Asks: 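Handing you this structure, nothing more for now.
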There are 2 protein chains.
Amino acid sequence: MLKQETLSKNQQIVLDYIEKVNEPIKAYSILHNVQKKGIKAPLQVYRALDKLVEIGKIHKIESRNAFVACKNSNCQISKATAFSICESCEEVSEISDSKLSKYLKNFQDKAGMKFNKYNLEFFGLCKKCSFK
Amino acid sequence: MLKQETLSKNQQIVLDYIEKVNEPIKAYSILHNVQKKGIKAPLQVYRALDKLVEIGKIHKIESRNAFVACKNSNCQISKATAFSICESCEEVSEISDSKLSKYLKNFQDKAGMKFNKYNLEFFGLCKKCSFK
DNA sequence: TGTTAATTGTTATAATATAACATTGTGTAA
DNA sequence: TTACACAATGTTATATTATAACAATTAACA
C-alpha cells in the first residue's frame, strides 16, 4: 500500500476540530467536542491523534499534553518543532525560524549521536501578559 | 524565610533514589522504590518532585513523563535544559553545550516574546542502537 | 514566643493514555 | 474478482499519570 493520501473518517473529524479551535487542546476535550460526530471513546481520539502527529498535521505540546494544528502548510518540518508558550495565559505559538531549525538539525552532541527529530519548547510571558 | 538550604526529608529520599538509579525514572516507579523509606502515597512523591524540579536538582523529561538527576553540579542551567533521547533503548543524556545554551537563551521569536526558560529534546538512535 | 510558610500525611478522585480483541474497510496484485 | 495484507474502526476494560481537599506537624525567624 502506498503512503496514505487521504485521511480516514475519524482522522478527518479530529483534524477538522483541532484546526477550527486553533489553539492547543487536550485529548479529552477533543473527545467531548466530536461526540456529535459519532466518536465515542478515548481510543478513537488517541488513534487519530497518533496518526495526525505521525504525518505532521498536528503537533503535541509535550509539557501541556495538548495538541495543535501544524502551521507550516506542507508540514515538512514536523520532525523539527519549536514552540513558545506563555506561562500566564498558556498561549502557544509555533516558531518557524529557518536559522533556528538549521542550527538544531545540524547540532551534534558530544557522544556523536545523530538526531532525526527534536522538540523545543520556550517558556515566558507573551506581550499581553508581560504588561499586566 | 530565606531560600531553603537543605532538603526536607521526603525531598531527600526522592532525590537520593533518583541520583542512585542514574537514568530517567517515573513517578510511580519512584514510589514503589521508596516505600521502604516510609513514603506511602503518590502525592508525597509528586510534591518532592515538584520542589526538586523547581530548585534544579532534577529535570523532567516531558516526552517520557520521567525524571532524571541534573548532571550540571550546581544546577545553574535548570531553566535551560537539553536532552538526547534514544528512541530504541530510551537512554537519555543531558546535553551541556555552552554554545547551544547561549544560542537558545538569546533566541528572540518574531513576536518579541522574552523567554526565561526552555526545554529541548532531541530524538534519535544512540551509538549502541544504531549498530544493531 | 508567636506567626507565617513549608512540609507532611491521608483519602479520594481527576486526567491522560493504552491493552486486547473482534470487525470492517481499502488498495493491490494474482 | 477474489484473495491477501494492512489500516482503520468499535468497544470494553484498565493502566498510568497527576491533583484536590483538608487536617496536622514542623521549621524559620521577627
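The analysis underlying the following values was restricted to heavy atoms, covering all of them including side chains, and did not include hydrogens, waters or symmetry mates. Since this is a predicted model, take the numbers as computed values, not measurements. Note on naming: letters A, B, ... go to the chains in the order of the sequence lines (proteins, then strands), and numbering restarts at 1 for each one.
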Asks: Does a nitrogen or oxygen in the side chain of A/Ser8 sit under 4.0 Å from OP1 or OP2 of C/dG25?
Replies: no

Asks: Just by modelled atom types, is the B/Asp97 backbone N or O under 3.5 Å from a matching donor or acceptor in the A/Lys110 side chain?
Replies: no

Asks: What integer distance in Å separates A/Ile55:CD1 from D/dA8:C1'?
Replies: 13 Å

Asks: Check the distance between D/dT16's C1' and B/Ile30's CD1 and give it to me in whole angstrom.
Replies: 14 Å

Asks: What protein N or O atoms touch nucleotides 10-12 of chain D N or O atoms at under 3.5 angstrom, if any, and at what distances?
Replies:
{"from": "D/dG10", "atom 1": "OP1", "to": "A/Lys9", "atom 2": "NZ", "distance (Å)": "3.2"}
{"from": "D/dG10", "atom 1": "OP2", "to": "A/Asn10", "atom 2": "ND2", "distance (Å)": "3.1"}
{"from": "D/dG10", "atom 1": "OP2", "to": "A/Gln44", "atom 2": "NE2", "distance (Å)": "2.6"}
{"from": "D/dG10", "atom 1": "N7", "to": "A/Arg47", "atom 2": "NH2", "distance (Å)": "2.5"}
{"from": "D/dG10", "atom 1": "O6", "to": "A/Arg47", "atom 2": "NH1", "distance (Å)": "3.0"}
{"from": "D/dG10", "atom 1": "O6", "to": "A/Arg47", "atom 2": "NH2", "distance (Å)": "3.3"}

Asks: Can you tell me how far C1' of C/dT8 sits from NZ of B/Lys37, to the nearest Å?
Replies: 18 Å

Asks: Does a nitrogen or oxygen in the side chain of B/Asn65 sit under 4.0 Å from OP1 or OP2 of D/dA18?
Replies: yes

Asks: Whether B/Lys26 contacts D/dA15 is assessed here as follows: a side-chain N or O lying under 4.0 Å from the phosphate OP1 or OP2. Is that the case?
Replies: no

Asks: At their closest point, which heavy atom of B/Ser130 faces which heavy atom of B/Lys127, and how far apart are they?
Replies: OG-O, 2.9 Å

Asks: Evaluate B/Glu121 against B/Arg64 for salt bridge (charged side-chain N to carboxylate O under 4.0 Å, His left out), listing each step before the verdict.
Replies: CA-CA 10 Å; B/Glu121 299 182 4; B/Arg64 299 296 186 262; 5.8 Å; no

Asks: Rounding to 10 degrees, work out the angle separating the end axes of the helix from C/dT1-D/dA30 to C/dA30-D/dT1 (five pairs an end).
Replies: 40°

Asks: Can you check whether B/Tyr28 stacks with the D/dT16 base, using ring centres under 5.5 Å and planes within 30°?
Replies: no

Asks: I want to check something: taking the side chain as every heavy atom from C-beta on, are B/Leu120 and A/Leu104 in contact at a cut-off of under 4.5 Å?
Replies: yes

Asks: What pair of heavy atoms forms the shortest contact from A/Glu19 to A/Ala69, and how long is it?
Replies: CG-CB, 3.8 Å

Asks: Using only side-chain N and O atoms of A/Tyr46, determine if any of them is under 4.0 Å from OP1 or OP2 of C/dA17.
Replies: yes

Asks: Starting from P on C/dT16, measure out to CG on A/Asp50 and report it in whole angstrom.
Replies: 16 Å

Asks: What is the distance, rounded to the nearest whole Å, between atom CD1 of A/Ile25 and atom P of C/dT16?
Replies: 11 Å

Asks: To the nearest Å, give me how far apart CD (A/Glu62) and C1' (C/dA17) are.
Replies: 13 Å

Asks: Could you state the atom-to-atom distance from CG of A/Leu7 to P of D/dA8 in whole Å?
Replies: 9 Å

Asks: Any side-chain N or O of B/Lys51 below 4.0 angstrom from OP1/OP2 of C/dA6?
Replies: no

Asks: Evaluate the ring planes of A/Phe107 and A/Phe115, with Trp represented by its six-membered ring, and classify them as parallel (under 30°), tilted (30 to 60°) or perpendicular (over 60°).
Replies: parallel

Asks: Can you tell me how far the CG atom of A/Asp50 sits from the CD1 atom of A/Ile55, to the nearest 0.5 Å?
Replies: 11.5 Å

Asks: Rounded to the nearest angstrom, tell me the gap between atom CD in B/Gln35 and atom C1' in C/dG9.
Replies: 14 Å

Asks: Suppose clustering is done on Ile, Leu, Val, Met, Phe, Trp and Tyr with side-chain heavy atoms closer than 4.5 Å. Which residues sit in the same group as A/Leu125?
Replies: none

Asks: Looking at B/Asn10, is its backbone amide N or carbonyl O close enough to the side chain of B/Lys37 to form a donor-acceptor pair, meaning the two atoms are under 3.5 Å apart?
Replies: no

